[in-house]
**Student:** 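I'd like to ask you about the structure that follows.
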Amino acid sequence: MIKVKIPNPTTDRNEPTFRVMMACRDMFKPYSIEITDSDDFDYMFVGMNEFINKSLPLQDSIDWGLENVHKLTQGGDYFLFDGTDSTSLLGSIEVLEQCDAIYLFKNQILKREEYKKPHYCGKWFWGTDEEIGFGYDIKDKDWDRIKLSGLNLGHLNPQFRDQMPPINPNKPNDVCAIYQAEHKENYEHKMRNDLKYSNHRLGAWDVLDDKYSSRKAKLPPEEYFDYLYHSKVCLSPFGMGEVCFRDFECFNVGTIMIKPDMSIVLSKPNVYIDKETYFAVNYDWSNLNEVIDEILSDFDRINQEVTDNARRKFVQEYQYEDYCFHYYNIFSELNDITIGA
């Protein structure tokens with residue numbers, strides 16, 4: 001039995017990072033993994049709250065993170081968990097490169113070569129910036145230590161997967177474009193990040209053709225879900241990261257999702273297959289109306305086929321047993337364990 005300790009699993013960003021893991025404590029045991037609170041453990045899972053401080057300048061955050069990890073782990077074996085919403089490695093790769101963590105876990109990553117480009121705040125979807133962009137020529141020894149966590153936002157609300165209404169054949173609304181478009185002023189390592197967020201989300205509203213019946217204004221939760229259920233398509237823009245809770249709301253109610261192209265994003269599970277589970281558009285929304293027209297021109301077929309595909313993929317991929325087995329495989333490679341041992 002592999003014993004794992006998680007310090008401060010409910011503190012700040014550690015909470016969503018480890019929420020599913022803590023809920024699966026009993027499910028892990030048949031896979032020879034025990035989540036323990038005792039000091040008798042084999043490995044420590046260190047959440048991002050212990051090694052990334054986005055309120056600090058980047059170098060200060062790195063120094064603080066390295067010192068904190070050293071004190072916390074005291075030379076034992078440990079893994080780092082960067083639970084941020086995006087594929088960005090900003091603030092975590094620097095710590096990984098300078099510490100003895102076995103692995104760094106991320107919910108989403110890019111292919112290695114993509115990280116070489118100097119992206120603003122390390123986020124590829126915010127574009128390159130030669131002056132204040134962050135790019136990484138990651139060494140082999142460090143790239144081999146970056147692993148997918150086996151988790152993303154689709155795991156955090158299991159009711160979306162388990163309680164699905166029937167597919168609605170009567171959808172009078174063309175487009176549900178209800179979401180927070182503007183972010184309050186916000187900083188990441190002293191770099192302002194809300195403007196990039198807002199420009200992208202407002203951009204969809206600016207491009208959306210008036211010929212469609214649509215709504216942008218916020219609604220109370222019950223009314224929002226009713227409007228979404230009666231909409232042919234829903235826009236799901238990126239936020240601070242690529243994967244959004246709205247994606248899984250669309251799968252749940254059976255509304256066709258339009259989202260910036262996710263083909264560059266690697267995640268486990270991955271339910272984003274263009275024209276099979278969602279419809280991809282350019283990040284700048286330049287082909288948004290063209291894609292909406294494509295869907296509406298053959299809506300009855302697409303409404304049934306794509307929604308069925310998306311829901312089937314969602315249910316198949318987001319099983320907690322698979323999440324537990326993911327970590328069994330991780331530990332098997334390190335310890336040659338067998339299930340139930």
Side-chain angles (χ1 to χ4, degrees), residues 1-31 33-56 61-62 64-74 76-86 88-92 95-96 99 101-108 147-162 186-189 221 239-241 243-245 248-249 267-269 318-328 330-331:
M1 184 73 72
I2 300 295
K3 295 183 179 180
V4 174
K5 184 172 183 177
I6 307 174
N8 307 314
T10 61
T11 304
D12 296 330
R13 288 293 304 185
N14 285 358
E15 193 282 323
T17 301
F18 295 120
R19 183 188 304 169
V20 173
M21 188 169 288
M22 298 303 290
C24 291
R25 292 178 78 154
D26 289 340
M27 293 182 65
F28 272 113
K29 291 179 180 178
Y31 295 89
I33 301 169
E34 178 183 351
I35 309 298
T36 181
D37 298 320
S38 79
D39 291 330
D40 176 22
F41 60 89
D42 301 297
Y43 299 96
M44 183 176 287
F45 282 5
V46 181
M48 62 178 290
N49 196 62
E50 318 305 328
F51 68 96
I52 302 175
N53 188 337
K54 292 191 176 186
S55 68
L56 297 175
S61 173
I62 296 167
W64 172 84
L66 288 167
E67 181 180 359
N68 208 39
V69 166
H70 178 73
K71 290 179 180 176
L72 189 64
T73 60
Q74 297 182 352
D77 291 326
Y78 62 97
F79 303 84
L80 301 177
F81 282 74
D82 177 353
T84 49
D85 293 331
S86 77
S88 171
L89 293 173
L90 182 65
S92 62
V95 173
L96 178 69
C99 77
I102 297 172
Y103 294 137
L104 167 68
F105 287 101
K106 287 278 299 179
N107 294 349
Q108 294 99 234
K147 303 290 184 182
L148 288 171
S149 67
L151 175 90
N152 59 45
L153 291 181
H155 289 94
L156 298 190
N157 287 303
Q159 71 274 17
F160 289 161
R161 181 197 66 201
D162 298 335
N186 195 61
Y187 292 84
E188 184 172 341
H189 301 302
M240 292 299 176
V243 179
C244 177
F245 282 122
F248 306 98
E249 294 169 357
S267 187
K268 183 180 181 179
Y318 285 83
Q319 297 294 325
Y320 290 157
E321 290 83 359
D322 292 337
Y323 174 69
C324 294
F325 192 64
H326 176 70
Y327 284 93
Y328 168 78
I330 295 288
F331 284 125

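Just so you know, these numbers use all the heavy atoms, side chains as well, and skip hydrogens, waters and symmetry mates. Keep in mind the model is a prediction, meaning the values are calculated, not measured.
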**Student:** How many angstroms lie between atom CD1 of I2 and atom OG1 of T36, to the nearest 0.5 angstrom?
**Tutor:** 13.0 Å
**Student:** Report the distance from atom CG of N152 to atom NZ of K106, rounding to the nearest 0.5 Å.
**Tutor:** 12.0 Å
**Student:** Any non-hydrogen side-chain atom of F41 less than 4.5 Å from a side-chain atom of E34?
**Tutor:** no
**Student:** F28 and Y323: which non-hydrogen atoms are nearest, and at how many Å?
**Tutor:** CZ-CE2, 3.9 Å
**Student:** Output yes when a side-chain donor or acceptor of S61 lies under 3.5 Å from a complementary backbone atom of I52, and no otherwise.
**Tutor:** no
**Student:** With a 4.5 Å heavy-atom cut-off, do F45 and M21 have their side chains touching?
**Tutor:** yes
**Student:** Any chance the rings of F105 and Y327 have centres within less than 6.0 Å?
**Tutor:** yes
**Student:** Verify side chain to side chain contact (heavy atoms under 4.5 Å, CB included) between L72 and V46, making sure each step is shown before the conclusion.
**Tutor:** CA-CA 9 Å; L72 189 64; V46 181; 4.1 Å; yes
**Student:** State, yes or no, whether a side-chain contact exists between Y78 and C99 at a heavy-atom distance under 4.5 Å.
**Tutor:** yes
**Student:** Looking only at heavy atoms, what is the nearest atom pair of N49 and N14, with distance?
**Tutor:** N-OD1, 3.0 Å
**Student:** Are any side-chain N or O atoms of D37 and backbone N or O atoms of K5, one a donor and one an acceptor, separated by less than 3.5 Å?
**Tutor:** no
**Student:** Do L80 and V95 touch side chain to side chain, with heavy atoms closer than 4.5 Å?
**Tutor:** yes
**Student:** Is any side-chain heavy atom of M22 closer than 4.5 Å to a side-chain heavy atom of T10?
**Tutor:** no
**Student:** For L89 versus L104, what's the shortest heavy-atom pair and its separation?
**Tutor:** CD2-CD2, 4.3 Å
**Student:** Looking at every non-hydrogen atom in both residues, tell me the closest pair between E188 and L90 and how far apart they are.
**Tutor:** OE2-CD2, 4.0 Å
**Student:** Counting the benzene-type ring for Trp, do F160 and Y318 have ring centres under 6.0 Å apart?
**Tutor:** no
**Student:** Would you say the side chain of C324 lies within less than 4.5 Å of the side chain of I33, judging by non-hydrogen atoms?
**Tutor:** no
**Student:** Quick check with a 6.0 Å cut-off and a 45 degree axis cone: is R161 positioned over the face of Y320's six-membered ring?
**Tutor:** yes
**Student:** What closest approach, in Å, do P269 and G150 show between heavy atoms, and which atom pair accounts for it?
**Tutor:** CD-O, 3.9 Å
**Student:** Does the side chain of F245 come within less than 4.5 Å of L156's, by heavy atoms?
**Tutor:** yes
**Student:** What is the distance from atom OH of Y43 to atom OH of Y103, rounded to the nearest 0.5 Å?
**Tutor:** 9.0 Å
**Student:** Does the pair D85/R13 count as a salt bridge with the N-to-O cut at 4.0 Å?
**Tutor:** yes
**Student:** Answer yes if the side chains of S38 and D40 hold a donor-acceptor pair under 3.5 Å, and no otherwise.
**Tutor:** no
**Student:** For residues F51 and D82, report the shortest heavy-atom separation together with the two atoms involved.
**Tutor:** CZ-N, 4.2 Å
**Student:** Can you measure from CD1 (I6) to CZ (R25) and round to the nearest 0.5 angstrom?
**Tutor:** 7.5 Å
**Student:** With a 4.5 Å cut-off on side-chain heavy atoms, are P7 and M44 touching?
**Tutor:** yes
